[in-house]
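Each ligand, and each atom within it, is numbered from 1 in the order the structure gives. All of these numbers come straight from a predicted model, not from anything done at the bench.
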Amino acid sequence: KLNKPHQFWETQPMPNINELESLKPGPIQEGILADVRKDPYNLISKFEWCNVDLRNDEQAQQVYTLLKENYVEDDDNMFRFDYSIEFLRWALLPPGQHPDWIVGVKVNQKLVGFITGIPVTLHIENQQTKVKMTEINFLCVHKKIRANRLAPVLIKEITRRVHIKNMWQAVYTAGIVVPTPISQTRYYHRSLNAKKLIEVGFSSLSARQTIARQQKLYKLPEEPKTQGLRPMKKKDVAQVTKLLNEYLKQFKLYFKYTEDEVKHWFLPRKDVISTYVVEKEQGVVTDFLSFYNLPSQVIKNPKHTHLRAAYSYYNVATQTPIVQLMYDALILAKNEGYDVFNALDIMENEKFLKELMFCPGDGQLNYYLYNWKLESNMLKPEEIGIVLV
Ligand SMILES: CN(C)Cc1n[nH]c2ccc(-c3ccc(F)cc3OCCn3ccnc3)cc12
């Protein structure tokens, strides 16, 4: 019976506890193209597969509504992610994307299940090892049809669609722990709008604290400190690409970006991605910061429907101290109207979290590699150089 915990994951090529020592680094299972099923997995009757075209407004709206009502909530079920349509187009339509990797399940033309993949080349543990694979995201099953074992079928179907393109690995993250995380990172929050965070129940006041006291504690200057800080423009793409690729080499997991990919992932898009560069000397970009917009719906609150959250994306500080660069990120995010600034303890983030008064969140974000045994069983958060939205 498939309802023992992790029964599905025990059938997948993921290292289990007692194999951590015996498996040699690299692919766990050899991929054989000839063995890949040519037809989609069977679905229970009335359920149908579909490739979702996110460029089509109606189909994008269906994805938006499914996620808004049924996707990830915090541990206390007070907040639920509310990814916008423009955000989903940014996250899922990068250069080289495959239309059959945006997978939906419909019942009577209504979207009830979803899972996505985008192509990435992941550099693993050293400069030489780079693997073309898929980045999996947005696994979602409508609340009303859970326990139909639809999630394992969605996972198997997108795995088949990846295998058929002769790719055999995947990278993904999740708040839950299933076999077997390669890293367990933690998220931190920095208050920008103390009053709102208390009103929505995100923060709470202890006996001696008042709202006014909190507002004073987290108050920020009107303007950023770093001279030459400005929004990124097209003309910066070449320099940002070089800065980013050079910077990421220090980590054990990272992507290598082409200029086209930097254009896609970093050029500012209103209410989706904000990127600012530091150009002190004419024409020379020395640092950049970036954060993305992911609001959470406040599930039951008389006064507020949404929590506006900015999430730290990639930040490269070569001339400006990282603490100062991120202090400016807080100021910029506050001025863009965000209530809170979130960051994981990956990359160099530990260097600024405490000093800039971030508070630890109540959960963790686990990183996973499908069908790959690392040399080291687990990676420390500071060895992770990839951000998944
Ligand atoms: C990454 N991507 C795959 C989405 C995703 N899935 N599962 C998750 C679990 C935690 C985080 C997360 C990551 C960074 C962060 F600062 C706060 C987070 O969650 C707070 C709790 N929460 C959930 C909904 N509203 C608030 C993201 C995710």
Side-chain angles (χ1 to χ4, degrees), residues 63 66-84 87-88 90-92 114-118 120 134-141 143 151 154-155 158 170-178 181-192 196-197 200-203 253 255 265 272-273 290-301 304-315 326 329-330 333 338-347 349-350 352-353 356-370 381 384-389:
V63 173
L66 175 72
L67 295 175
K68 177 187 175 67
E69 294 170 359
N70 302 281
Y71 198 48
V72 178
E73 297 171 8
D74 68 311
D75 293 350
D76 303 325
N77 306 101
M78 291 171 62
F79 307 102
R80 187 164 54 238
F81 287 132
D82 185 6
Y83 288 87
S84 72
F87 188 106
L88 293 168
W90 174 66
L92 298 172
F114 192 61
I115 191 166
T116 67
I118 58 171
V120 292
T134 184
E135 178 186 305
I136 295 297
N137 208 338
F138 299 105
L139 168 59
C140 182
V141 172
K143 284 171 184 265
L154 278 163
I155 295 167
I158 199 155
V171 60
Y172 50 97
T173 57
I176 57 164
V177 180
V178 286
I182 58 163
S183 191
Q184 303 195 285
T185 73
R186 306 199 62 77
Y187 40 82
Y188 290 75
H189 314 289
R190 207 286 184 180
S191 170
L192 300 177
K196 166 122 181 230
L197 294 187
V200 302
F202 185 89
S203 312
L253 278 196
F255 300 135
W265 292 115
V272 174
I273 176 77
S290 59
F291 49 87
Y292 59 86
N293 171 42
L294 172 52
S296 279
Q297 184 184 354
V298 185
I299 292 169
K300 266 197 257 1
N301 185 280
H304 301 286
T305 58
H306 284 83
L307 178 63
R308 280 189 287 276
Y311 287 71
S312 177
Y313 194 45
Y314 292 90
N315 307 293
M326 294 313 291
L330 297 178
Y338 291 96
D339 301 321
V340 66
F341 191 97
N342 291 335
L344 293 166
D345 59 356
I346 63 174
M347 295 192 272
N349 293 358
E350 279 286 10
F352 60 78
L353 290 171
L356 296 182
M357 297 197 294
F358 281 73
C359 297
D362 60 5
Q364 62 190 29
L365 188 67
N366 303 291
Y367 280 71
Y368 296 92
L369 261 182
Y370 181 91
I384 302 281
I386 59 174
V387 176
L388 273 60
V389 298

A.B. asks: Given side chains that start at C-beta, do those of N137 and Y172 come closer than 4.5 Å, heavy atoms only?
C.D. replies: no
A.B. asks: If you count every heavy atom of other residues, nucleotides or ligands that lies below 6.0 Å from K300 atom NZ, does the total exceed 12?
C.D. replies: no
A.B. asks: Say whether N366 and Q364, considering side chains only, have a donor N or O and an acceptor N or O under 3.5 Å apart.
C.D. replies: yes
A.B. asks: V141 and L154: which non-hydrogen atoms are nearest, and at how many Å?
C.D. replies: CG2-CD1, 3.8 Å
A.B. asks: Give the ring-plane orientation class for F202 versus H189, where under 30° counts as parallel, over 60° as perpendicular and anything between as tilted.
C.D. replies: perpendicular
A.B. asks: Taking the six-membered ring for Trp, are the ring centroids of Y292 and F87 within less than 6.0 Å of each other?
C.D. replies: yes
A.B. asks: Between ligand 1 and the protein, find all N/O pairs closer than 3.5 Å and give the distance for each.
C.D. replies:
{"residue": "ligand 1", "atom": "2 (N)", "partner": "V389", "partner atom": "O", "Å": "2.9"}
{"residue": "ligand 1", "atom": "25 (N)", "partner": "S296", "partner atom": "OG", "Å": "3.2"}

